[in-house]
Amino acid sequence: MAACAPDPAGDQGAAVKDLYEVFFYVAAGVFAVVAGLIGWSILRFRKKPGDTEEPVQTKHNLALEITWFAIPTVIVVALFVLSAGTLGDVNDEHPDPTVTVRVEAFQWGWRFTYEGEAVVVEGLPEDPARIVLPVDEPLRFDLLSADVVHSFYVPRFLVKRDTIPGETNRLDYVIREEGTYDGECAEFCGVLHDQMLFTLEAVPADEFEQWLAEQRTENEDAGI
């Protein structure tokens with residue numbers, strides 16, 4: 001079960017994983033208590049050889065009823081508060097992102113436009129897009145769709161955002177670990193949905209600037 005949450009790539013993902021772990025341990029505790037009480041009841045109140053009389057019947061127990069109502073209520077309220085706080089952290093917008101990328105989804109590919117730069121990267125199923133971004137810098141993704149609902153999803157971000165026609169969604173993120181991250185569409189969008197992929201490489205800032213300069217030159221030569 002723990003394997004369902006990969007190691008987070010950045011701050012927002014870490015907040016989500018911390019919340020996952022809280023839910024896991026709370027659920028494990030509830031399971032242990034419930035299973036333990038069931039096992040105890042089976043052993044304690046099982047019929048023994050020689051038992052001929054019906055056990056004492058209890059119709060109600062006010063203290064016990066209040067307890068088993070109060071405990072789940074407290075757990076649910078606490079998890080709601082923690083979830084709301086984590087959602088606020090994930091949705092928080094940085095006042096001055098270092099890099100802003102306009103991400104346009106379409107059937108069945110991605111178009112990445114770096115704001116303020118003559119750099120556009122586009123990918124299709126037969127040739128998925130590969131983009132580069134700096135680590136330890138606040139990033140902004142402006143998410144749009146050219147046709148139907150898609151979903152921008154990098155599993156190790158532990159966050160995803162839908163791209164909706166006529167709307168612009170936003171995701172601010174700080175990547176802390178260098179590496180190559182696979183991305184995909186996480187909303188069924190048609191026959192080639194499973195091939196709507198992209199790759200994100202997180203590198204130091206100087207390597208990112210070098211890549212950006214190379215992309216500018218390539219795009220200028222191509223007349224983009």
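Hydrogens, waters and symmetry mates are skipped; everything else that's a heavy atom, side chains included, is used. We count residues from 1, following the sequence as given.
Val77 and Ile71 are not part of a single hydrophobic cluster, where members link through side-chain heavy atoms under 4.5 Å apart. Side-chain heavy atoms closer than 4.5 Å link hydrophobic residues (I, L, V, M, F, W, Y) into clusters, and following such links, possibly through other members, connects Tyr181 to Phe198. Grouping the Ile, Leu, Val, Met, Phe, Trp and Tyr side chains by contacts below 4.5 angstrom, directly or via other members, places Phe24 apart from Val26. In the hydrophobic cluster analysis, where Ile, Leu, Val, Met, Phe, Trp and Tyr join through side-chain heavy atoms closer than 4.5 angstrom, Val34 is grouped together with Phe23. By the criterion of side-chain heavy atoms lying less than 4.5 angstrom apart, applied directly or through intervening Ile, Leu, Val, Met, Phe, Trp or Tyr residues, Leu82 is grouped together with Ile75 in one hydrophobic cluster.
Between Gln107 and Val148, some side-chain heavy-atom pair lies under the 4.5 Å cut-off. The shortest distance between side-chain heavy atoms of Glu122 and Phe112 does not fall below 4.5 Å. Annotation: side chain of Val16 is in contact with side chain of Val159 (closest heavy-atom distance under 4.5 Å). By the 4.5 Å heavy-atom criterion applied to side chains, Pro165 and Leu144 are not counted as neighbours. You'll find the side chain of Val103 stays beyond 4.5 Å of the side chain of Asp142, heavy atoms only. Residues Ile175 and Leu139 are in side-chain contact: their nearest non-hydrogen atoms beyond the backbone lie under 4.5 Å apart. In this structure, the side chains of Trp110 and Pro128 stay at 4.5 Å or more apart for every pair of heavy atoms. A heavy-atom distance below 4.5 Å is not found between the side chains of Val22 and Lys17.
Taking OG1 from Thr113 and CD from Glu115, the interatomic distance works out to 10.0 Å, rounded to the nearest 0.5 Å. Note that NE2 of His94 is 9.0 Å distant from CD of Glu137, once rounded to the nearest 0.5 Å. Distance CG/Leu143 to OG/Ser151: 9.0 Å, rounded to 0.5 Å. Between the CG atom of Leu171 and the OG1 atom of Thr163 there is a distance of 12.5 Å, given to the nearest 0.5 Å. Considering NE2 of His150 and CG of Asp147, their distance stands at 4.0 Å, rounded to 0.5 Å. Residue Phe208 holds its CZ atom at 10.0 Å from CD of Gln215, rounded to the nearest 0.5 Å.
Summarising the local packing, CD of Gln57 is surrounded by more than 12 heavy atoms from other residues, nucleotides or ligands at distances under 6.0 Å. With a 6.0 Å radius and a threshold of 12 heavy atoms from other residues, nucleotides or ligands, Lys59 has its NZ atom at or below the threshold. Around the CZ atom of Phe45, the shell of radius 6.0 Å holds more than 12 heavy atoms that belong to other residues, nucleotides or ligands.
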Quiz item: Passes side chain to side chain contact (heavy atoms under 4.5 Å, CB included), Val30 versus Tyr25? Steps please.
Solution: CA-CA 9 Å; Val30 170; Tyr25 289 122; over 6 Å; no
Quiz item: Going through the distances and angles, do Ile131 and Glu201 end up as a side chain to side chain contact (heavy atoms under 4.5 Å, CB included)?
Solution: CA-CA 6 Å; Ile131 63 171; Glu201 291 192 20; over 6 Å; no
Exercise. Apply side chain to side chain contact (heavy atoms under 4.5 Å, CB included) to Leu124 and Trp108, showing your working.
Key: CA-CA 6 Å; Leu124 295 169; Trp108 286 275; over 6 Å; no
Quiz item: Step by step, would you call Glu177 with Val135 a side chain to side chain contact (heavy atoms under 4.5 Å, CB included)?
Solution: CA-CA 7 Å; Glu177 292 188 18; Val135 295; over 6 Å; no
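Results of the ring-ring contact (aromatic ring centres under 6.0 Å, His included) test with Tyr173 over Phe152, Phe157, Phe141 single out Phe157 as the only residue that passes.
Residues Tyr153 and Lys160 come closest through the heavy atom pair CD1-CB, 3.5 Å. Smallest separation of non-hydrogen atoms from Pro134 and Ala205: CB-CA, 4.1 Å. Among all heavy-atom pairs drawn from Ala63 and Thr67, the shortest one is O-OG1, 2.8 Å. Closest non-hydrogen pair, Asn169 versus Asp162, comes out as ND2-O, 2.7 Å.
Salt bridge absent: Arg216 and Glu214 never bring a charged side-chain N and a carboxylate O closer than 4.0 Å. Between Asp182 and Arg156, no side-chain nitrogen of the basic residue sits less than 4.0 Å from a carboxylate oxygen of the acidic one, so the salt-bridge criterion is not met.
Of the possible polar contacts, none joining the Arg44 side chain to the Ser41 backbone as a donor-acceptor pair under 3.5 Å is found.
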